[in-house]
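A quick write-up on the structure given underneath.
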Amino acid sequence: MSIIEIRNLSFSYGRRQAPVIDKFSFEMKRGEIVGVQGASGNGKSTLLRLIAGLEVPSEGEIRINGRKVVDPTTFIQPERRGVGMVFQDYALFPHMNVRKNIEFALHRMNRQERTQRLEEMLELVQLSDFQERYPHELSGGQQQRVALARAMAPKPNVLLMDEPFSNLDADLRDTIRTELCMILRREQMSCLFVTHDQQDVDAISDRSIRLEQEKKLKVTSG
């Protein structure tokens with residue numbers, strides 16, 4: 001069963017502007033890790049925002065886990081789509097420590113479930129000893145793992161990541177890629193991520209798609 005199904009998706013930032021995404025169709029299987037590549041301005045991040053419900057397409061349909069979340073007559077709010085999102089800047093709450101940043105995503109669970117899931121996530125991302133630290137007290141790689149744990153904690157249907165390695169020092173990227181891949185596989189997480197770096201795709205993805213901007217956007221798989 002496909003975890004994401006997209007049919008004839010189009011989007012532009014204004015009625016008189018050329019579409020950023022034009023008649024885009026795509027399917028992703030459950031448990032897959034797929035990289036989205038392309039030059040800046042080619043609609044990579046916009047695609048993630050449309051799936052997450054942070055933007056509204058001008059036409060087309062998106063299904064997540066078999067459920068229609070958007071079409072010309074339907075719009076399911078982001079918090080009801082079962083999607084986890086890791087932003088390029090991680091978007092951690094600076095006034096919350098690691099534990100509270102992750103707990104923020106678990107507000108729908110009861111106290112016992114919340115405590116158990118928090119411990120699982122801290123162990124998974126190897127931050128149990130850092131749970132009282134604040135974001136400014138963490139390295140870039142540790143901040144990324146907090147953002148990842150927060151996004152995965154509610155057990156979303158699919159995880160979306162926007163340029164997950166772009167804020168890391170070059171000498172850390174190989175290690176972090178390996179760690180991230182292990183975490184995703186261990187959780188059997190379906191993941192769609194945006195990158196401009198072929199090495200990211202080679203390191204963690206099952207396959208990739210490339211968005212190319214000519215007269216309209218097209219996709220190639222491989």
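Quick note: numbers below take in every heavy atom, side chains included, and nothing from hydrogens, waters or symmetry partners.
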Worksheet item: With no hydrogens and no angle check, is any side-chain donor or acceptor of N42 less than 3.5 Å from a backbone partner on G38?
Response: no
Worksheet item: Is the shortest distance from a Lys or Arg side-chain nitrogen in K100 or E103 to a carboxylate oxygen in the other one below 4.0 Å?
Response: no
Practice prompt. For atom CD of E123, decide whether the heavy atoms of other residues, nucleotides or ligands shown that lie under 6.0 angstrom number more than 12.
Written response: no
Worksheet item: Is the closest basic N to carboxylate O distance between K23 and E61 below 4.0 Å?
Response: no
Worksheet item: Can you name the closest pair of heavy atoms from I3 and V158 and give their distance?
Response: CG1-CB, 4.4 Å
Fill in: side-chain contact (heavy atoms from CB on, under 4.5 Å) evaluation trace for I4 with V34
CA-CA 11 Å; I4 295 177; V34 178; over 6 Å; no
Fill in: Residues R63 and E5 bridged, charged N to O under 4.0 Å
no
Worksheet item: How about E79: does its CD atom have over 12 heavy atoms from other parts shown lying under 6.0 Å from it?
Response: yes
Item to complete: For atom CD of Q112, decide whether the heavy atoms of other residues, nucleotides or ligands shown that lie under 6.0 angstrom number more than 12.
Response: no
Item to complete: Kindly determine whether D71 and T73 satisfy side chain to side chain donor-acceptor pair (under 3.5 Å), including the steps that lead there.
Response: CA-CA 5 Å; D71 71 4; T73 61; 3.3 Å; yes
Worksheet entry | Neighbour count above 12 (heavy atom, 6.0 Å) for F93 CZ | yes
Item to complete: Could you walk me through whether R30 and N157 pass side chain to side chain donor-acceptor pair (under 3.5 Å), step by step?
Response: CA-CA 9 Å; R30 183 183 303 278; N157 292 313; 5.2 Å; no
Worksheet item: Do R177 and D197 meet the salt-bridge criterion of a basic N to acidic O distance under 4.0 Å?
Response: yes
Worksheet item: Which one of D89, V36, L48 satisfies the side chain to side chain contact (heavy atoms under 4.5 Å, CB included) criterion with D162?
Response: L48
